[in-house]
Colleague: 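Just dropping this structure here.
So you know, we letter chains A, B, ... as the sequences are listed, proteins then strands, and number each from 1.
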Protein chains: 2
Amino acid sequence: MDDRQQRIMQITRSMRELNQSFYHATRKDAEACGITQIQYLVLRALKQHPMIGLGELSDLIYTGASTASGVIDRLVQAGLVVRDRLEEDRRAVALKLSPEGEELLNRVGERMMKRLSPLLQLSEEDVGQLLRIQGQMVNLLQQAREEP
Amino acid sequence: MDDRQQRIMQITRSMRELNQSFYHATRKDAEACGITQIQYLVLRALKQHPMIGLGELSDLIYTGASTASGVIDRLVQAGLVVRDRLEEDRRAVALKLSPEGEELLNRVGERMMKRLSPLLQLSEEDVGQLLRIQGQMVNLLQQAREEP
DNA sequence: ATCAAATAATTCGCACACGAAGTATGTTAC
DNA sequence: GTAACATACTTCGTGTGCGAATTATTTGAT
């Protein structure tokens, strides 16, 4: 058991370290433009999928609806996102970027890409392997989630 | 530029998805024992490194000292961790598990390992690749962090 | 010896992030 | 048509998680 434990701990440790590296690498770029990283993710999602609802958005960014609701609140407050009620279903909302949001997304996106561009030094093969293995892990964990 | 952007976005997306999968897979196991995941990480770190200070702890779990301070506060409150002031340096603290903390760590650890054991289906080679590539990414991002 | 700089924790204010509970609206069964 | 259910979102309470500012103590320079 102990060798197996060791392997799992190594993986979780590596994941955590990498995640923190991502976070700290890009944090300042977002902050310099007055938003947070998750807000950047949301802006990007809304650019690619205009007029979506909150449920679809939270699927896209892998969070719960309540989290997305709060993020959207702050983005609307900041004038970067427009939140409309639908006529055909008055429970639902339709989210889209405001012109200011679109403009800011471009600015932040450029900085983010510049910051993360060193990752392009990874060989194409390594990227493929990474995506394949990570995808497999997601599947394995999804199974594991069901059990009592 | 656009193909490069695409590659970076794929990577960040995969990372985020996997991280969320981890989170949701293990969340309930920790919660069932009355702690959170970061609290579990801290307990594990203190088991392996008894009598460390807050700075060393925050290095081990890849967070800032202020975050670690809050987590420790709640663990002390719950009676799982003992926080002593050092005689030789009265600024510093020495952290260690209480007997209750040790006992709970064993219980949570067992559940966590059982939950994550499907990850052992990954081939040894894939695990090696994963750790190698992720390590490389950490290095690349560390470089990227310095720039203006 | 003394005062400035460094170090170790803590506190503060903000923004996630979660599930649970609540509200409003729509759908379905009868 | 109305009552039960389902859906879309919001609100709530708690716990991260961060950097900046603060406090307490130690070290170092003169």
Colleague: Rounded to whole Å, please give me the gap between CG in A/D59 and C1' in C/dC18.
Modeller: 16 Å
Colleague: Under 4.0 Å between a side-chain N or O of B/Q20 and OP1 or OP2 of C/dC18?
Modeller: yes
Colleague: Decide, yes or no, whether a salt bridge links A/R83 with A/D73 under the criterion of side-chain N to carboxylate O below 4.0 Å.
Modeller: yes
Colleague: Among D/dG17, D/dG15, D/dC18, which is the nearest nucleotide to the side chain of B/T63?
Modeller: D/dC18
Colleague: Locate the shortest heavy-atom distance separating B/I11 from A/F22; write the atom from each residue and the value.
Modeller: CG2-CZ, 4.3 Å
Colleague: Start at the 5' end of DNA chain C and walk down; is the nucleotide closest to A/Q39 or to B/R27 reached first?
Modeller: A/Q39
Colleague: Quickly work out the A/E87 CD to C/dA24 C1' distance and round it to whole Å.
Modeller: 15 Å
Colleague: Would you please confirm or rule out a distance under 4.0 Å between OP1 or OP2 of C/dA9 and any side-chain N or O of B/S69?
Modeller: no
Colleague: For B/R107, is there an ion pair with B/E103 - N to carboxylate O distance below 4.0 angstrom?
Modeller: yes
Colleague: Could you give the CD-to-P distance, from A/E31 to D/dG17, as a whole number of Å?
Modeller: 18 Å
Colleague: Look at B/H24 and C/dC18 and indicate whether a side-chain polar atom (N or O) is within less than 4.0 Å of OP1 or OP2.
Modeller: yes
Colleague: Describe the nucleic acid contact of A/S66 in one word from base, sugar-phosphate, nothing, applying a heavy-atom distance below 4.0 Å.
Modeller: base
Colleague: Which sits closer to the 5' end of DNA chain D, A/Y23 or A/I72, going by the nucleotide each is nearest to?
Modeller: A/I72
Colleague: Looking only at the side chain of B/R16 (C-beta and beyond, no hydrogens), which of the listed nucleotides C/dA17, D/dT26, C/dT10 gets closest?
Modeller: C/dA17
Colleague: Could you check which of C/dA17, D/dC18, C/dT11 has an atom nearest any side-chain atom of B/T67?
Modeller: D/dC18
Colleague: Start at the 5' end of DNA chain C and walk down; is the nucleotide closest to A/V71 or to A/R90 reached first?
Modeller: A/V71
Colleague: Could you tell me how far apart A/K28 (NZ) and D/dG17 (P) are, to the nearest whole angstrom?
Modeller: 20 Å
Colleague: Looking at C/dA17, C/dT10, C/dA20, which one has an atom nearest to any side-chain atom of B/L54?
Modeller: C/dT10
Colleague: Tell me: CZ of A/R91 to P of C/dG22, nearest whole Å?
Modeller: 19 Å
Colleague: How many whole angstroms separate atom CZ of A/R74 from atom C1' of C/dC16?
Modeller: 6 Å
Colleague: Closer than 4.0 Å, any side-chain N/O of B/R83 to the OP1 or OP2 of C/dT10?
Modeller: yes
Colleague: To the nearest 0.5 Å, what is the distance between CG on A/L95 and CE on A/M51?
Modeller: 8.5 Å
Colleague: Ignoring hydrogens, what is the shortest heavy-atom contact between B/L54 and B/V93? Give both atom names and the distance.
Modeller: N-CG2, 4.0 Å
Colleague: Calculate the interatomic distance between A/I61 atom CD1 and C/dA17 atom P; express it in whole Å.
Modeller: 8 Å
Colleague: Within this structure, what is the CG-CD distance for the pair B/L80 and B/E102, rounded to the nearest 0.5 Å?
Modeller: 11.5 Å
Colleague: Need one value for B/G55: base, sugar-phosphate or nothing, where a base atom within 4.0 Å counts as base even if backbone is also close, heavy atoms only.
Modeller: sugar-phosphate
Colleague: Nearest whole angstrom, please: distance from the P of D/dG15 to the CG of B/L41.
Modeller: 17 Å
